[in-house]
Amino acid sequence: MPDLEDLLREELKRTARKVQPEVLRPLRVPAPGRSWRPRLVPLAAAAAVIAIVAVVALAVGLPVSPKPAISGSPSVGLPRFYVTISGGAHGNETEAVIRASAGGQVTGTVQVPSIAQDVAFVTAAADDRSFIIGAYEGQNLTSPGGAFDLRLFQLRISGAGKPGHLTELAPAPERLDDFQGMALSPDGKLLAVSLARYSGPYTIGTLQVINLATGTIRTWTAPVKGPQYAPGAPSWVDGSRMVAFTWLRAIDPLVYTVAGVRLLDITAPGDSLTDAKLIVPRGTVGAGSIKSALITPDGRDVIAVTLRELSPLASSHTVIVQIAELQAGTGRLIRVLRTQTARYDQGGYITLQASLGMLSLGSAGQYVLVQGIQFGWLDVGGPDPGRFTLLPALPAGQYVTGAAW
Amino acid sequence: MEADPADLIRSPGPRPDQAADDPPAELADDPARYVTELFRAHHLELVRLAVLIVGDLASAEDVVQDAFEQLHRRWRTLRKQSSALDYARSAVLNGSRSVLRRRSVARRHEARIVAPKLPDADAALVFEQRTELIEAFRALPARQREVLALRYYVDMSVADAAATLHISEGAVRSTSSRGLDALARILPSRIPKEP
């Protein structure tokens with residue numbers, strides 16, 4: 001294609017030439033570095049403090065109590081409260097908002113110290129009272145280079161849904177470049193975190209299980225050579241023994257396609273994510289392809305949200321979003337629980353794609369918080385499968401990216 | 001098309017065993033100074049390369065500054081299997097990739113539908129008057145953009161592009177071919193028909 005090559009060469013140079021020397025900011029020469037030796041003492045002290053905090057403050061783990069009885073609840077077994085992450089009233093902060101599941105009324109809010117406005121992550125314990133919130137710390141998300149950290153906080157709420165203070169947890173995942181999600185085990189002691197690190201052109205998909213009582217962290221990684229994969233949002237199976245996650249194929253920087261769902265036995269030896277068994281193969285499910293999935297606590301079913309775009313070449317996008325129940329092990333479609341069709345402009349479509357998610361499955365596996373075309377809860381294993389109830393979270397037109405119950 | 005001095009700073013030329021970009025003798029014992037001189041000499045070219053990948057000037061400048069600081073810190077520990085300018089270009093491409101990833105993270109987690117913001121007025125300079133071909137180029141996957149930018153903006157050989165990107169020459173050829181095919185598909189009306 002010599003003509004195209006010439007044209008491309010000419011256009012690239014013309015575009016690059018728009019950057020002229022006079023508009024460049026001068027390079028800043030870094031200050032000479034200090035010796036690392038003097039820093040050892042404060043580092044050691046900090047490490048000691050962290051260790052003590054980890055052992056003493058977290059030795060009891062997260063309390064697990066029986067689910068409270070729900071009087072007057074529209075659905076037996078529905079978690080009483082859910083937490084969403086949103087921007088604060090002043091528009092420059094991040095808040096965790098606690099709402100009653102029955103009517104959606106706000107019972108309390110708490111500020112989350114995240115460097116990225118509106119961006120934090122939440123997972124719930126089975127006791128309907130405890131939540132873990134992950135917040136970014138480090139460089140701004142849009143700045144080049146460097147990774148960021150995830151700070152973990154425990155949020156306890158009262159029986160009336162009133163929040164206590166956030167308590168920072170000492171153990172934290174390793175420094176990361178991308179975060180897919182986290183899930184607290186049913187006993188509240190283990191936190192599974194799906195993340196990715198980047199090394200040059202390589203994506204290193206990583207799953208970490210953090211023991212919140214002892215601070216120990218176990219890590220599994222995806223192979224770097226060949227096609228690169230990362231684990232999607234995790235969910236727990238069989239108590240605290242197994243973790244399921246969508247298996248994401250890295251296509252481009254942070255562009256993933258779902259290549260199935262895997263199940264990892266965390267009690268087995270090994271540190272490779274490929275040891276995890278493929279329980280849902282890649283492929284079309286119902287009307288579309290899987291965007292996000294959670295496994296039910298008994299490990300029998302996978303609840304997935306799927307997307308299909310009917311008009312990929314048009315300027316507006318007509319999409320079908322479905323929530324489907326699949327058989328874990330074979331991926332066979334058991335039933336479609338909900339189907340919605342909607343039309344979006346380009347911006348709306350991109351946001352929808354980025355937001356679709358199975359956000360949180362109640363501990364009994366009956367009701368799931370889901371961001372489909374709308375945000376709400378769906379009966380997936382209760383008395384009325386497929387029943388969807390809208391929940392208030394953010395103003396109309398906005399999407400929930402972090403919610404749990 | 002008039003020549004631009006920065007366009008003349010192109011492929012690294014001889015491979016490192018020929019020592020084209022190795023520090024001159026007077027700077028060999030002062031690596032920090034050498035890296036500083038290298039970046040000053042190639043600042044414009046590196047920013048332009050980053051602009052082609054990330055699409056805006058402010059981010060491109062940040063990427064180059066970051067790469068400069070990174071090499072400034074790490075120069076002594078780098079293996080001299082490639083030229084200094086290759087290292088700089090690799091660092092700039094890695095930084096550009098990181099910017100794209102972070103943008104994707106921010107976009108993916110963005111809870112609100114908002115119009116994309118340009119970092120500052122300078123950024124508009126690069127966005128305005130973009131041609132159809134550049135729009136199509138910007139829509140390519142990052143790896144294809146990197147390969148095409150090295151091959152057709154920096155005018156690197158396949159071998160040099162492979163060394164800079166730490167991939168095989170075959171991968172450079174196939175990625176380049178896929179990128180050109182994609183551009184040809186996107187822009188059939190712009191490509192003159194071969195006789």
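Letters A, B, ... are given to chains in the order of the sequence lines, protein chains preceding strands, and every chain is numbered from 1.
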_Atom group of F39(B) that falls short of 4.5 Å from chain A, counting heavy atoms_ = both
*Going from CG on L8(A) to CZ on F137(B), what distance comes out if it is rounded to the nearest 0.5 angstrom?*
6.5 Å
*Does the side chain of L12(A) reach to within under 4.5 Å of the side chain of I134(B), using non-hydrogen atoms?*
yes
*With a 4.5 angstrom heavy-atom cut-off, which part of L148(B) approaches chain A: side chain, backbone, both or neither?*
both
_Close side-chain approach of R48(B) and Q20(A), heavy atoms under 4.5 Å_ = yes
*Would you mind telling me which of V47(B), N94(B), L52(B) has the largest number of heavy-atom pairs within less than 4.5 Å of chain A?*
L52(B)
*asked:* Donor-acceptor check, side chain of R9(A) to backbone of Y153(B), threshold 3.5 angstrom: yes or no?
replied: no
*For residues D155(B) and K13(A), determine if any side-chain heavy atom of one lies less than 4.5 Å from a side-chain heavy atom of the other.*
yes
*asked:* If you define the side chain from C-beta out and look only at heavy atoms, does anything of L183(B) sit under 4.5 Å from L7(A)?
replied: no
